[in-house]
> 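Handing you this structure, nothing more for now.
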Amino acid sequence: VRKFIRDKEKKIVIDPLDEYPGIIVYTFDQLCNTIESTKKLNLIVRFTEEEDYDLLFSGLWILSFYFPDLWLVLEEAHLFMSPWHTYAGLLKILRYGRHRAINQIYISPRLSEVHRLVTAQADHILFFRMQDYRDIQTASHFLGSEAKKLPTLQTGEFILYPPKGA
């Protein structure tokens, strides 16, 4: 993902695990001030307060009107949602983001713990190695019997859904 989005000019990466380099902001106020001073949207978000995430997701919707073709990368997506609940602003992005040209990448090792709209709205899902029974069971709804291969995949191997040519 880091290589793929490196050249994207307008991106917000929500990075709770400190994996991405770049201009890092730790509060919503700092995010707004950085955008205002640089007139660019190319930031890594590592907020320390949960209420800042609620502001962020609502703010991203508004920013998409001023920064079309925005990329949102949400690492460890399961930390920000459950299958049935997420922040109101993120829910709006999930439902309508494609109409505002918000390109979205959600990354999580726990498929069974991400919001159902993530999988329902996805053009593609890449399934990497999984061990948890619930995650494999959830993956089987997409992959059928192919899901049995998930525990044996090697590092970097994945199964693409839908398959090429489907």
Side-chain angles (χ1 to χ4, degrees), residues 1-22 41-47 50 53-54 56-61 63-64 67-166:
V1 173
R2 286 186 292 275
K3 288 179 184 176
F4 176 76
I5 65 157
R6 182 181 313 141
D7 298 329
K8 307 298 182 204
E9 288 186 27
K10 294 172 275 186
K11 63 182 170 269
I12 294 279
V13 178
I14 300 172
D15 176 26
L17 298 181
D18 196 18
E19 296 178 326
Y20 289 79
L41 194 61
N42 190 351
L43 303 169
I44 312 301
V45 175
R46 291 191 196 124
F47 289 166
E50 188 162 332
Y53 283 108
D54 198 25
L56 170 69
F57 294 126
S58 296
L60 282 178
W61 178 256
L63 285 171
S64 71
F67 293 93
D69 199 29
L70 171 68
W71 284 85
L72 170 62
V73 177
L74 185 56
E75 282 279 358
E76 302 299 321
H78 60 283
L79 298 176
F80 303 95
M81 60 184 68
S82 74
W84 305 277
H85 180 74
T86 190
Y87 295 95
L90 183 54
L91 190 58
K92 193 170 200 173
I93 291 169
L94 282 166
R95 285 186 176 147
Y96 309 114
R98 68 189 182 283
H99 297 294
R100 293 288 333 131
I102 302 175
N103 304 289
Q104 304 167 56
I105 299 174
Y106 295 88
I107 303 161
S108 177
R110 301 304 318 269
L111 179 64
S112 64
E113 294 181 14
V114 299
H115 197 282
R116 59 187 184 79
L117 282 176
V118 171
T119 55
Q121 299 281 16
D123 290 332
H124 302 284
I125 302 174
L126 279 65
F127 294 92
F128 292 87
R129 182 176 45 224
M130 293 182 189
Q131 301 295 330
D132 183 74
Y133 173 77
R134 287 181 305 154
D135 293 327
I136 295 170
Q137 187 177 25
T138 302
S140 72
H141 295 294
F142 300 93
L143 300 175
S145 62
E146 287 284 298
K148 293 177 184 174
K149 297 178 182 177
L150 292 172
T152 62
L153 293 177
Q154 300 300 308
T155 301
E157 290 183 322
F158 61 89
I159 299 173
L160 176 65
Y161 177 85
K164 285 186 178 181

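Heavy atoms only: backbone and side chains are in, while hydrogens, waters and symmetry mates are out. Keep in mind it's a predicted model, so treat the numbers as computed, not measured.
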> Evaluate whether atom NE2 of H99 has more than 12 neighbouring non-hydrogen atoms of other residues, nucleotides or ligands under 6.0 angstrom away.
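Result for NE2/H99: enclosed.
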> Should we say atom CD of E50 is surrounded by more than 12 heavy atoms from elsewhere, each under 6.0 Å from it?
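Atom CD in E50 is not packed in, count stays at 12 or less.
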> Can you label the angle between the Y53 ring and the F47 ring as parallel, tilted or perpendicular, going by 30° and 60°?
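The rings of Y53 and F47 sit tilted, inter-plane angle from 30° to 60°.
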> Would you give the length of the straight line joining atom CG of L60 to atom CZ of R100, rounded to the nearest 0.5 angstrom?
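One gets 12.5 Å once the value is rounded to the nearest 0.5 Å.
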> Taking A101's backbone N and O only, do any of them form a donor-acceptor pair with S64's side chain (distance below 3.5 Å, no angle check)?
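No, the answer is negative, given that no donor and acceptor are paired below the 3.5 Å cut-off.
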> Parallel, tilted or perpendicular: which one describes the rings of Y96 and W61, with boundaries at 30° and 60°?
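Plane angle over 60°, so perpendicular.
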> Which heavy-atom pair separates L90 from L74 by the least distance, and what is that distance?
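In terms of heavy atoms, the two residues are closest at CD2-CD2, 4.0 Å.
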> What residues, two or more places apart in sequence or in another chain, satisfy ring pair (Phe, Tyr, Trp, His ring centres under 6.0 Å) together with F4?
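Partners of F4 by the ring pair (Phe, Tyr, Trp, His ring centres under 6.0 Å) criterion, ordered by chain and then number, come out as W71.
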> What pair of heavy atoms forms the shortest contact from I93 to F57, and how long is it?
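I93 and F57 have their closest heavy atoms at CD1-O, 3.5 Å.
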> What heavy-atom pair brings S112 and T138 nearest, and what distance separates the two atoms?
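Nearest pair, atom of S112 first, then T138: CB-OG1, 3.5 Å.
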> State, with a plain yes or no, whether a side-chain heavy atom of L160 is found less than 4.5 Å away from one of H124.
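L160 reaches H124 side chain to side chain.
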> For residues 10-18, please give each side-chain donor-acceptor pair under 3.5 Å, one per line with the distance, not counting sequence neighbours.
unit_1 : atom_1 : unit_2 : atom_2 : d
K10    : NZ     : P68    : O      : 2.6
K11    : NZ     : I5     : O      : 3.2
K11    : NZ     : R6     : O      : 3.3
K11    : NZ     : K8     : O      : 2.8
K11    : NZ     : N42    : OD1    : 3.2
D15    : OD1    : D18    : N      : 3.2
D15    : OD1    : E19    : N      : 3.0
D15    : OD2    : E19    : N      : 2.8
D15    : OD2    : Y20    : N      : 3.0
D15    : OD2    : R46    : NE     : 3.1
D15    : OD2    : R46    : NH2    : 2.9
D18    : OD1    : R46    : NE     : 3.4
D18    : OD1    : R46    : NH1    : 2.8
D18    : OD1    : R46    : NH2    : 2.9

> Is there a donor-acceptor contact under 3.5 Å from the side chain of R110 to the main chain of H78?
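Pair absent, no side-chain N/O of R110 close to backbone of H78.
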> Roughly how far, to the nearest 0.5 Å, is CG of L63 from CG of L56?
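L56 atom CG to L63 atom CG measures 8.5 Å (nearest 0.5 Å).
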> I want to check something: taking the side chain as every heavy atom from C-beta on, are Y106 and H115 in contact at a cut-off of under 4.5 Å?
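Of all side-chain heavy-atom pairs linking H115 with Y106, none is under 4.5 Å.
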> Search all heavy atoms of A139 against all heavy atoms of F127 and return the closest pair with its distance.
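For A139 versus F127, the nearest heavy atoms are CB-CE2, 3.7 Å.
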> Donor-acceptor pairs under 3.5 Å, side chain of residues 147-155 to any protein atom, not counting sequence neighbours: which ones?
unit_1 : atom_1 : unit_2 : atom_2 : d
K149   : NZ     : E146   : OE1    : 3.3
K149   : NZ     : E146   : OE2    : 3.0
T152   : OG1    : K149   : O      : 2.8
Q154   : NE2    : T152   : O      : 3.3

